[in-house]
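Each ligand, and each atom within it, is numbered from 1 in the order the structure gives.
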Amino acid sequence: MTVPQTHTGRVAVVTGAARGIGRAIAVDLGARGATVVAVDLTAPDETVALLSAEGHPVLGLTADVSSPEQTAAVGEEAARRFGRTDILVNNAGIFPIGDIEDVDYDTWRRVLTVNLDSQFLMVKAVLPAMKKGGWGRIVNLTSDSIVSNVPGISHYMASKMGIIGFSRGLANDLAPFGITVNAAGPALTITPGVLQGNHTPEGLAAAAQAQAIKRNGLPEDLTGTIAFLSSDDSAFMTGQTLMADGGLAR
Ligand SMILES: NC(=O)c1ccc[n+]([C@@H]2O[C@H](COP(=O)([O-])OP(=O)(O)OC[C@H]3O[C@@H](n4cnc5c(N)ncnc54)[C@H](O)[C@@H]3O)[C@@H](O)[C@H]2O)c1
């Protein structure tokens with residue numbers, strides 16, 4: 001199948017791109033013609049190899065997106081290497097599960113910092129180049145779990161709800177510069193992060209049964225939504241939250 005070249009000439013920074021949903025997004029945007037800057041805490045070598053093998057331009061950067069210094073360096077390096085930054089997909093996130101009795105303050109802070117503060121920091125890092133280009137798309141990953149009735153994720157839900165508020169407010173700030181900001185949320189998706197967590201087979205099956213489409217998500221299930229929100233096609237859409245969650249019951 002020929003992939004539509006909706007992102008030709010765009011430079012897209014994708015965080016958490018070494019594996020899982022972030023890798024799928026990076027590979028899809030590259031296939032659509034974007035130059036991808038793949039950012040991760042661990043070197044995104046496999047993502048870089050996948051894109052390079054298809055002849056797509058890509059730069060892999062190792063950085064902690066919860067660090068003000070390291071995110072600033074990512075923004076500077078992307079602009080220095082490619083002269084522009086058009087798209088930011090804030091995908092990196094963590095989801096340690098634990099009842100409120102077991103979640104200590106350090107875990108609470110870490111989840112808020114990695115999931116929410118990181119999006120603020122990455123926006124600050126790419127904004128100078130994006131404003132200079134007069135066109136931009138920022139897509140922030142939230143989660144289907146914001147409407148969940150599953151216990152043990154109040155800290156995660158707080159971070160992912162915060163992302164929706166941040167996106168809504170930022171949309172107001174950046175509209176004058178031709179930059180849209182939207183949030184996008186996947187269903188419970190089979191990724192390395194989920195497989196390393198303490199999901200039971202029964203829990204995964206129950207999550208699928210709560211959806212209209214009765215299977216767990218795959219990383220590729222979100223890529224079309226991200227492609228739309230990072231393209232010209234979504235030009236008049238900002239401050240919104242788009243869920244590709246298989247029709248989760250609310
Ligand atoms: N998988 C799901 O079921 C699901 C559901 C809803 C939302 N999400 C969201 O989707 C995003 C991706 O999830 P996933 O399942 O692919 O996760 P994953 O754990 O498989 O991959 C996450 C990637 O982010 C990177 N990362 C983590 N902390 C980082 C940091 N401080 N700096 C840089 N990189 C960092 C990891 O190294 C990893 O490569 C997350 O924001 C998550 O909250 C996932």
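Taking every heavy atom of both residues into account, Leu141 and Ile163 meet most closely at O-CD1, 3.3 Å. Of all non-hydrogen atoms in Gln211 and Leu188, the two that sit nearest each other are OE1-N, 4.5 Å. Residues Thr85 and Ala78 approach most closely at OG1-CB, 3.9 Å, considering heavy atoms. Of all heavy-atom pairs spanning Ala158 and Trp108, the tightest one is CB-CH2, 3.8 Å.
Taking each of Gly22, Ser66, Gly93 in turn, the one with a heavy atom nearest to atom 22 (C) of ligand 1 proves to be Gly93. Nearest-residue assignment for atom 26 (N) of ligand 1 (options Gly20, Ser145, Gly193, Ala92; heavy-atom criterion): Ala92.
Rounded to the nearest 0.5 Å, atoms CG (Asp40) and CG (Leu61) are 10.5 Å apart. Arg10 CZ to Ser230 OG: the interatomic distance, rounded to the nearest 0.5 Å, is 9.5 Å. The CZ atom of Phe120 sits 9.5 Å away from the OG1 atom of Thr71 when rounded to the nearest 0.5 Å. Atom CD1 in Ile94 sits 8.5 Å away from atom OG1 in Thr107 (nearest 0.5 Å). Here the CG-CG distance, from Leu170 to Asn140, works out to 7.5 Å after rounding to the nearest 0.5 Å. Taking CZ of Arg19 as the start and OG1 of Thr42 as the end, the distance is 7.0 Å to the nearest 0.5 Å.
Side-chain polar atoms of Ser231 and His7 form no donor-acceptor pair below 3.5 angstrom. Side-chain contact of Thr15 with Asn91: a donor-acceptor pair under 3.5 Å is absent, judged by distance alone.
At a heavy-atom distance under 4.0 Å, only side-chain atoms of Val114, from C-beta outward, approach ligand 1. With a heavy-atom cut-off of 4.0 Å, Lys160 touches ligand 1 through its side chain alone. Residue-level proximity to ligand 1 for Ala187 is carried by the backbone, the only part with a heavy atom below 4.0 angstrom. In Ala63, the part holding a heavy atom less than 4.0 Å from any atom of ligand 1 is the backbone.
Atoms of ligand 1 found under 4.0 Å from any heavy atom of Pro186, numbered from 1 in the order shown, are 5 (C), 6 (C), 7 (C), 8 (N). Near Ser143, meaning under 4.0 Å from any of its heavy atoms, are these atoms of ligand 1: 6 (C), 7 (C). The ligand atoms of ligand 1 that sit less than 4.0 angstrom from a heavy atom of Tyr156 are 6 (C), 7 (C), 8 (N), 9 (C), 42 (C), 43 (O). Each of the following atoms of ligand 1 lies closer than 4.0 Å to a heavy atom of Val194: 1 (N), 2 (C), 3 (O). Near Leu188, with a cut-off below 4.0 Å to any heavy atom, the atoms of ligand 1 are 3 (O). Interface atoms of ligand 1 facing Gly16, defined by a heavy-atom separation under 4.0 Å, are 23 (C), 24 (O), 25 (C). Against a heavy-atom cut-off of under 4.0 Å, Thr142 is close to the following atoms of ligand 1: 7 (C). Within the listing of ligand 1, atoms 39 (O) sit less than 4.0 angstrom from a heavy atom of Ala18.
Atom 14 (P) of ligand 1 has its closest protein heavy atom at Thr191 OG1, 3.6 Å. Counting only heavy atoms of the protein, atom 3 (O) of ligand 1 lies nearest to Thr189 N, 2.7 Å. Protein heavy atom nearest atom 40 (C) of ligand 1, with residue, atom name and distance: Asn91 O, 3.2 Å. For atom 44 (C) of ligand 1, the nearest non-hydrogen atom of the protein is Ile21 CD1, 3.8 Å. Nearest to atom 31 (N) of ligand 1 among the protein's heavy atoms is Asp64 OD1, 2.9 Å. The nearest heavy-atom contact from the protein to atom 13 (O) of ligand 1 is Phe95 CE2, 3.8 Å. Annotation: atom 19 (O) of ligand 1 to nearest protein heavy atom, Arg19 NH2, 2.8 Å. In this structure, the protein non-hydrogen atom closest to atom 37 (O) of ligand 1 is Asp40 OD1, 2.6 Å.
Not a single heavy atom of Thr15 sits closer than 4.0 Å to an atom of ligand 1.
In this structure, Arg84 is not positioned above the aromatic face of Trp135 in the sense of NZ or CZ being under 6.0 Å from the six-membered ring centre and within 45° of the axis.
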Note to self: Quick one, Asp117 with Ser66, criterion side chain to side chain donor-acceptor pair (under 3.5 Å). Give me CA distance, side-chain angles, the key distance, then yes/no.
What the structure shows: CA-CA 6 Å; Asp117 297 5; Ser66 66; over 6 Å; no
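On a distance-only criterion, Leu41 and ligand 1 share at least one N/O pair closer than 3.5 Å.
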